[in-house]
There are 2 protein chains.
Amino acid sequence: MRDLLDPRRMLVFAEVARSGSLAAAAQALGWTQPAVAQHVKRLERDTGCTLVIRNSRGVTLTEAGQSLATHADAITARLRAARADLSALTDLRAGQVRLAAFPSACATFVPAAIALLQERAPGLDVRLTEAEPGEARRLLAAGDADLAVTFDYDNVPDTPAEPARTPLFDDPMLLVLPSGHPLADRTDTDLADAADQRWIAGCPRCRTHLTTAAASQGFLPDIRHSTDDYVVTQTLVSTGLGIALLPTLALEAARDPQVTTIGLRRHAPRRVSLTSPADIPPSPATAAAASALIDVTGPRRTAKSKAEV
Amino acid sequence: MRDLLDPRRMLVFAEVARSGSLAAAAQALGWTQPAVAQHVKRLERDTGCTLVIRNSRGVTLTEAGQSLATHADAITARLRAARADLSALTDLRAGQVRLAAFPSACATFVPAAIALLQERAPGLDVRLTEAEPGEARRLLAAGDADLAVTFDYDNVPDTPAEPARTPLFDDPMLLVLPSGHPLADRTDTDLADAADQRWIAGCPRCRTHLTTAAASQGFLPDIRHSTDDYVVTQTLVSTGLGIALLPTLALEAARDPQVTTIGLRRHAPRRVSLTSPADIPPSPATAAAASALIDVTGPRRTAKSKAEV
DNA sequence: CCCGTGACCCAAGCACAGCTTGGGTCTGCT
DNA sequence: AGCAGACCCAAGCTGTGCTTGGGTCACGGG
């Protein structure tokens with residue numbers, strides 16, 4: 001950079017080349033003539049070349065001057081292009097958003113949100129990665145995602161270094177039973193009423209919601225089978241191998257006609273949120289994506305969570 | 001220009017992008033960290049975009065920052081290219097010289113000079129235009145030629161607004177006679193001895209040399225035919241239609257074996273010069289061309305004109 | 001575990017770059 | 001001949017932009 005020509009002088013010189021005289025260039029720049037003359041003189045000193053031939057009608061460029069003016073014009077064009085590109089980013093005519101979302105969100109409202117976003121800002125490059133909340137948070141922290149749709153349970157505290165989180169809506173947990181199960185004719189129940197059942201749960205890492213909820217009701221669930229897949233879960237339930245807890249969203253994504261679901265009294269719902277990296281101001285594209293997700297999930301918001309938002 | 005981003009800040013930003021941190025960029029630039037930080041901050045204010053995410057390990061570019069850095073790198077490259085192009089011009093690896101020269105010069109030493117120049121500086125773009133001195137001076141004044149090879153006669157004063165002229169050599173005038181002419185057995189003669197001859201001369205505009213020289217000797221030449229072409233002149237002479245004055249250079253370019261030439265006593269030679277536009281410092285390429293022409297015509301220089309140079 | 005290192009930020013000060021002012025000269029046109 | 005419109009030079013002043021000297025926050029090693 002030290003050995004580079006001063007680019008501001010180049011711009012001044014480009015104006016001189018365009019105007020054909022120092023005085024005209026000065027007027028175009030809103031300066032006085034000596035100001036421009038000083039720039040040109042300095043440029044000639046720096047380059048060691050005579051750049052202009054001064055005559056009584058203004059100046060004419062030497063070959064060196066013409067060469068320099070060409071480069072100067074290219075720089076001007078670049079500066080314009082830089083501004084234009086930044087405008088495109090802020091106006092959402094360009095830009096990228098990398099979304100991460102958990103499976104049942106990906107299977108339900110997220111595609112609608114992306115469609116809405118593409119409609120609002122067709123120039124955006126939107127990319128979705130399916131990821132469970134833990135993985136999604138890793139992606140955000142590593143800078144491999146801009147925005148994540150995550151969930152958490154009230155009773156399971158999150159990591160201490162919590163990224164910025166905006167609640168989207170509450171996703172109530174439902175008890176999933178085979179049709180014809182003794183509990184299946186109730187409209188809702190306490191979790192404790194299912195204490196003696198056999199359970200289908202998620203992998204050891206993902207079953208904490210069930211085990212902590214059960215522990216608070218004073219029992220240890222008898223977990224016989226484990227899967228993180230909500231389709232598999234329902235198949236196992238419908239086959240009579242056990243009962244399960246599933247969030248409403250999962251059942252909305254895929255519903256086995258052979259199972260019955262009933263509500264749970266005094267049972268905390270799964271909370272679905274928007275998570276973004278901590279302390280990073282969202283880009284216009286990311287903000288637009290967040291808006292689209294909030295708008296699409298608006299109907300799901302309960303009065304309580306609406307007040308929070 | 002007013003609405004353009006400050007290109008110097010762009011260069012600073014390019015360095016930040018390259019270094020990955022403000023402090024490292026500052027070190028690379030030989031500055032302190034706040035200096036760089038101020039530039040980046042100002043750039044963010046000017047663009048209205050967040051360009052970098054500050055974290056404890058340095059900074060990472062946002063999408064807008066990456067876009068800007070790309071343009072900044074392009075500008076850096078342009079500045080380098082500008083310098084390189086100017087160096088090429090001063091080092092004679094590039095550049096253009098437009099030469100103008102009168103016909104007999106074009107037919108004799110000028111091609112050799114161009115060849116010498118091309119050998120010394122193969123990158124130069126050398127262009128030759130054949131032009132009589134008057135036309136050549138017009139080309140110089142109009143900026144359509146950089147250097148001219150011209151001639152003039154001592155007794156014919158030039159235009160008052162005389163461009164810069166470097167004498168090259170003296171080109172003696174010879175009397176051209178048909179073989180077997182009464183004067184043909186002399187080695188030299190006075191012009192007055194040919195006062196009663198029939199003459200071949202140039203066009204009315206070009207015959208002034210003959211008429212003024214004759215007038216100073218007290219006679220008016222009997223001009224029967226006129227041509228500016230030295231080949232035609234010799235053909236007319238050899239056919240016996242008249243005698244003529246021709247410069248040595250013209251006879252060197254093309255010599256009709258049927259004519260005899262004899263020297264003239266006390267007759268001013270034609271002076272061949274290098275002419276360049278007044279008050280314009282010659283470009284490196286033009287200076288090199290002038291050198292080549294001077295070097296090539298060195299052997300022609302008489303002791304007197306050598307002293308002048 | 002705590003401290004050191006190395007990022008970052010902020011505010012204030014100071015120097016010089018760079019623009020203006022106010023002279024002057026030289027063409028070229030009216 | 002005089003004026004207009006180029007250019008140049010020198011001196012002065014303003015404001016940009018770099019430095020100095022503070023402080024905070026994370027991460028990593030003794």
Side-chain angles (χ1 to χ4, degrees), chain A residues 1-2 5-13 15-46 50-62 65 141-143 159-163 277-281, chain B residues 1-2 5-13 15-46 50-62 65 141-143 159-163 277-281:
Chain A
M1 156 135 190
R2 207 142 295 355
L5 293 170
D6 185 330
R8 283 173 36 181
R9 295 189 213 289
M10 296 277 281
L11 296 195
V12 173
F13 189 73
E15 188 57 51
V16 170
R18 228 170 291 136
S19 306
S21 85
L22 302 191
Q27 191 166 18
L29 294 167
W31 291 349
T32 58
Q33 180 269 328
V36 176
Q38 282 171 33
H39 275 293
V40 173
K41 196 202 281 181
R42 178 66 187 278
L43 212 45
E44 289 188 318
R45 206 174 67 75
D46 289 348
T50 305
L51 296 176
V52 295
I53 306 294
R54 281 92 167 154
N55 53 43
S56 61
R57 292 219 178 145
V59 294
T60 58
L61 302 191
T62 62
T159 61
E162 177 64 8
D279 300 331
I280 294 188
Chain B
M1 158 135 189
R2 206 145 294 357
L5 294 170
D6 184 330
R8 283 173 35 180
R9 295 189 214 289
M10 296 277 281
L11 297 194
V12 173
F13 190 73
E15 188 57 52
V16 170
R18 228 170 291 139
S19 307
S21 85
L22 302 191
Q27 191 166 18
L29 294 167
W31 290 351
T32 58
Q33 179 269 328
V36 176
Q38 281 172 36
H39 275 294
V40 173
K41 198 203 275 182
R42 177 67 187 278
L43 212 45
E44 289 187 319
R45 206 173 68 75
D46 289 348
T50 305
L51 297 175
V52 294
I53 305 295
R54 282 92 167 155
N55 53 42
S56 61
R57 292 223 179 142
V59 295
T60 58
L61 302 191
T62 62
T159 60
E162 176 65 8
D279 300 333
I280 293 187

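Chain A is the first sequence line, chain B the second, and so forth, proteins listed ahead of strands; every chain is numbered from 1. For the numbers below, each heavy atom of this structure counts, side chains included, while hydrogens, waters and symmetry mates do not.
Judged by closest nucleotide on DNA chain D, A/N55 is the one of A/R8 and A/N55 placed further toward the 5' end. Toward the 5′ end of DNA chain C lies the nearest nucleotide of A/R42, the other residue of the pair A/P34 and A/R42 mapping further downstream.
Using modelled atom types, one side-chain atom of B/T62 and one backbone atom of B/L51 make a donor-acceptor pair closer than 3.5 Å.
One finds a side-chain N or O of B/R54 lying less than 4.0 angstrom from the OP1 or OP2 phosphate oxygen of C/dC9. Phosphate proximity of D/dT16 to B/R9: absent, as no side-chain N or O sits under 4.0 Å from OP1 or OP2. Residue B/Q33 places none of its side-chain N or O atoms closer than 4.0 Å to OP1 or OP2 of C/dA7. For C/dC9, neither phosphate oxygen OP1 nor OP2 lies less than 4.0 angstrom from any side-chain nitrogen or oxygen of B/K41. Residue A/R57 has no polar side-chain atom (N or O) positioned under 4.0 Å from OP1 or OP2 of D/dC7. Residue B/H39 has no polar side-chain atom (N or O) positioned under 4.0 Å from OP1 or OP2 of D/dT16. Checking the phosphate oxygens (OP1, OP2) of D/dT19, a side-chain nitrogen or oxygen of B/T32 falls inside 4.0 Å.
For the atom pair CZ (B/R9) and CG (B/L43), the distance works out to 7.0 Å, reported to the nearest 0.5 Å.
The residue A/A35 sits close to a base: some heavy atom pair falls under 4.0 Å.
Following rounding to the nearest Å, A/I53 (CD1) and C/dC26 (P) show an atom-to-atom distance of 19 Å. Distance, A/Q27 CD to C/dC19 P: 17 Å, rounded to whole Å. C/dA17 atom C1' lies 16 Å from atom CG of A/L43, rounded to whole Å. With rounding to whole Å, A/D6 atom CG is found 11 Å from D/dG17 atom P. We find that CH2 of A/W31 is positioned 16 Å from P of C/dA17, with the value rounded to whole Å.
Counting heavy atoms from C-beta outward, A/I53 and B/P281 have side chains that approach closer than 4.5 Å.
Ionic pairing of A/E44 and A/K41 is not present here: no N-O contact between side-chain nitrogen and carboxylate oxygen is shorter than 4.0 angstrom.
B/Q38 contributes a side-chain N or O that forms a donor-acceptor pair with the base of D/dT19 under 3.5 Å.
Of all heavy-atom pairs between B/L61 and B/A17, the closest is CD1-CB, 3.7 Å.
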